[in-house]
Visitor: 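First the structure, which I've put down as structure tokens, then a few questions once you've had a look.
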2 protein chains.
Amino acid sequence: MTDTIFDGHDHGRCQGMALDAVDAQCAARGLRLTPVRRDVLEILLKSHRALGAYDLLDELKARGHKAQPPVAYRALDFLLSNGFVHKIEQRNAYVACCQPGKAHAPGFMICRGCDLVAELPSPDPQDSVMVAARQIGFAVERTVVEAEGLCPACKREEEEA
Amino acid sequence: MTDTIFDGHDHGRCQGMALDAVDAQCAARGLRLTPVRRDVLEILLKSHRALGAYDLLDELKARGHKAQPPVAYRALDFLLSNGFVHKIEQRNAYVACCQPGKAHAPGFMICRGCDLVAELPSPDPQDSVMVAARQIGFAVERTVVEAEGLCPACKREEEEA
DNA sequence: CGGCATATGTTACTATATAACATTCTTCGC
DNA sequence: GCGAAGAATGTTATATAGTAACATATGCCG
């Protein structure tokens with residue numbers, strides 16, 4: 001698993017696969033991937049970055065939607081609650097999920113240089129928070145795990161400068 | 001280390017100790033713990049909860065400060081950047097640090113029942129995000145680790161209802 | 001077709017956070 | 001002590017993020 005967005009990684013391919021996966025999920029579960037929702041998802045998939053709701057809104061306008069804030073937020077609600085998109089809490093921003101459908105409580109690496117976001121396959125029950133929670137009987141329902149820093153490429157750039 | 005805020009835990013004592021620790025730190029490092037800053041810290045220490053900036057603002061008013069938003073945010077900036085307070089990203093809210101001064105990238109358990117927040121002693125370099133970061137050469141500069149759920153007491157309550 | 005559920009359009013508003021500039025307070029060299 | 005420089009606070013205005021509430025349209029099913 002060195003296939004993150006930061007190294008050799010076929011953007012177009014991953015994008016198409018994710019969209020197909022979401023289509024399949026929606027068909028299977030009787031969900032409606034309407035035009036607004038699909039557009040929001042596509043925008044996020046294309047950028048592979050964390051975008052704010054108002055960035056999405058601008059893109060939606062560019063694509064010809066009538067776009068008041070609730071439009072974006074409703075699409076995000078749908079995508080979030082079905083696991084097709086995740087929120088990056090430290091930025092109040094949103095990214096497309098890389099493994100749509102597979103239920104997971106994801107972790108992220110966020111590059112402050114290029115803003116690319118890599119999603120980690122899964123959080124680990126051996127992680128220190130989880131261990132601590134078990135020890136004291138705290139029932140974890142949701143986790144937020146986000147690491148901000150520099151990806152290899154941006155680190156090189158910064159060192160040269 | 002079962003001494004979290006969720007079990008037997010001497011509120012008043014921990015509060016006093018934290019304040020003393022901050023005083024000591026400020027003296028040692030030539031920082032000014034001015035009245036506004038001290039009040040914000042006290043408010044947070046007393047509640048042991050994550051409070052929003054505007055909650056703090058209200059409390060400040062109650063204590064006789066002139067209080068426009070920048071007042072609260074500036075005090076928070078000071079306390080955050082010196083490690084006396086942490087931000088709970090998933091709530092846009094702030095908690096007092098339990099071990100002020102000791103540099104640490106903390107993790108949290110946040111009870112959705114009583115809103116109490118427990119700070120975890122330290123994040124672990126063996127945690128899955130950290131391992132993944134090392135593997136791909138991602139330089140982590142800041143981590144956000146937050147687990148939301150139910151503390152033992154609130155879990156019991158919910159089961160009874 | 002009619003009626004229900006779901007989705008979208010629209011207005012207005014709440015909550016969170018910051019920019020910019022004026023004023024006051026501290027500290028420190030003289 | 002006095003005055004200048006830097007730090008902290010006061011104040012106004014505004015940016016950014018998110019939601020409530022209600023009207024309208026669309027898809028689905030009997």
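In the text below, chain A, chain B and the rest are named by the order of the sequence lines, each starting its count at 1.
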Visitor: Out of dA19(C), dT9(D), dT8(C), which has the shortest distance to the side chain of Pro70(B)?
Guide: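 Among dA19(C), dT9(D), dT8(C), the one nearest the side chain of Pro70(B) is dA19(C).
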Visitor: Distance check needed: dA8(D) C1' versus Arg38(B) CZ, whole Å only.
Guide: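 Going from CZ in Arg38(B) over to C1' in dA8(D) covers 17 Å.
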Visitor: Whole-Å distance between dT26(C) P and Arg37(B) CZ?
Guide: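 The distance from CZ of Arg37(B) to P of dT26(C) comes to 12 Å, rounded to the nearest Å.
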Visitor: Can we call the ring centroids of Tyr94(A) and His86(A) under 6.0 Å apart?
Guide: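 Not under 6.0 Å, so no.
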Visitor: Under a 4.0 Å N-O cut-off, is there an ion pair linking Glu159(A) with Lys155(A)?
Guide: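 Lys155(A) and Glu159(A): not salt-bridged.
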Visitor: Using a strict threshold of under 4.0 Å (side-chain N to carboxylate O), is an ion pair present between Arg142(B) and Glu148(A)?
Guide: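 Yes.
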Visitor: Is there a donor on the side chain of Arg74(A) or the base of dG18(D) sitting less than 3.5 Å from an acceptor on the other?
Guide: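 Between dG18(D) and Arg74(A), which were checked side chain against base, a qualifying N/O pair under 3.5 Å is absent.
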Visitor: What integer distance in Å separates Asn92(B):CG from dT19(D):P?
Guide: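 It is 11 Å, rounded to the nearest whole Å.
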Visitor: Can you identify which nucleotide, out of dT18(C), dA7(C), dA17(D), has its nearest atom closest to the Tyr73(A) side chain?
Guide: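 Between dT18(C), dA7(C), dA17(D), the one nearest the side chain of Tyr73(A) would be dA17(D).
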Visitor: Judged by each residue's nearest nucleotide on DNA chain D, which is more toward the 5′ side, Tyr94(A) or Arg32(B)?
Guide: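 Nearer the 5' end of the strand: Arg32(B).
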Visitor: Strictly below 4.0 Å, N to O, side chains only: are Asp115(A) and Arg49(A) in salt-bridge contact?
Guide: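 Looking at Arg49(A) together with Asp115(A), the answer is no, because their closest N to O distance does not fall below 4.0 Å.
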Visitor: Below 4.0 angstrom from OP1 or OP2 of dT8(C), is there any side-chain N or O of Thr34(A)?
Guide: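 The answer is yes; a side-chain N or O of Thr34(A) sits under 4.0 Å from OP1 or OP2.
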Visitor: Expected output is a numbered-order residue list: members of residues 42-69 of chain B with a heavy atom under 4.0 Å from any atom of DNA chain C. What is it?
Guide: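 DNA chain C contact set from residues 42-69 of chain B: Tyr54(B), Pro69(B).
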Visitor: Tell me the interatomic distance from Arg91(A), atom CZ, to dA17(C), atom P, rounded to whole angstroms.
Guide: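 Rounding to the nearest Å, CZ of Arg91(A) and P of dA17(C) are 16 Å apart.
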Visitor: Nearest whole Å is fine: how far is dG18(D) C1' from Gln90(B) CD?
Guide: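 One finds 17 Å between C1' of dG18(D) and CD of Gln90(B), rounded.
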Visitor: Using atom CZ of Phe78(A) as one end and atom P of dT6(C) as the other, report the distance to the nearest whole Å.
Guide: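 Rounded to the whole Å, the gap is 13 Å.
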Visitor: Regarding Lys87(B) and Glu146(B), does a basic nitrogen lie under 4.0 Å from an acidic carboxylate oxygen?
Guide: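 Not counted as a salt bridge, because no side-chain N and carboxylate O are separated by less than 4.0 Å.
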Visitor: Given atom CG of Leu76(A) and atom P of dT19(D), what is their separation to the nearest angstrom?
Guide: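 In whole Å, dT19(D) P lies 10 Å from Leu76(A) CG.
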Visitor: State whether the side chain of Arg37(A) and the backbone N or O of Phe78(A) hold a donor-acceptor pair below 3.5 Å, judged by distance alone.
Guide: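 Such a contact is absent between Arg37(A) side chain and Phe78(A) backbone.
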Visitor: Would the distance check show the side chain of Glu141(B) and the main-chain N or O of Leu150(A) forming a donor-acceptor pair, the cut-off being under 3.5 Å?
Guide: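 The answer is no, because no donor-acceptor pair under 3.5 Å joins these two groups.
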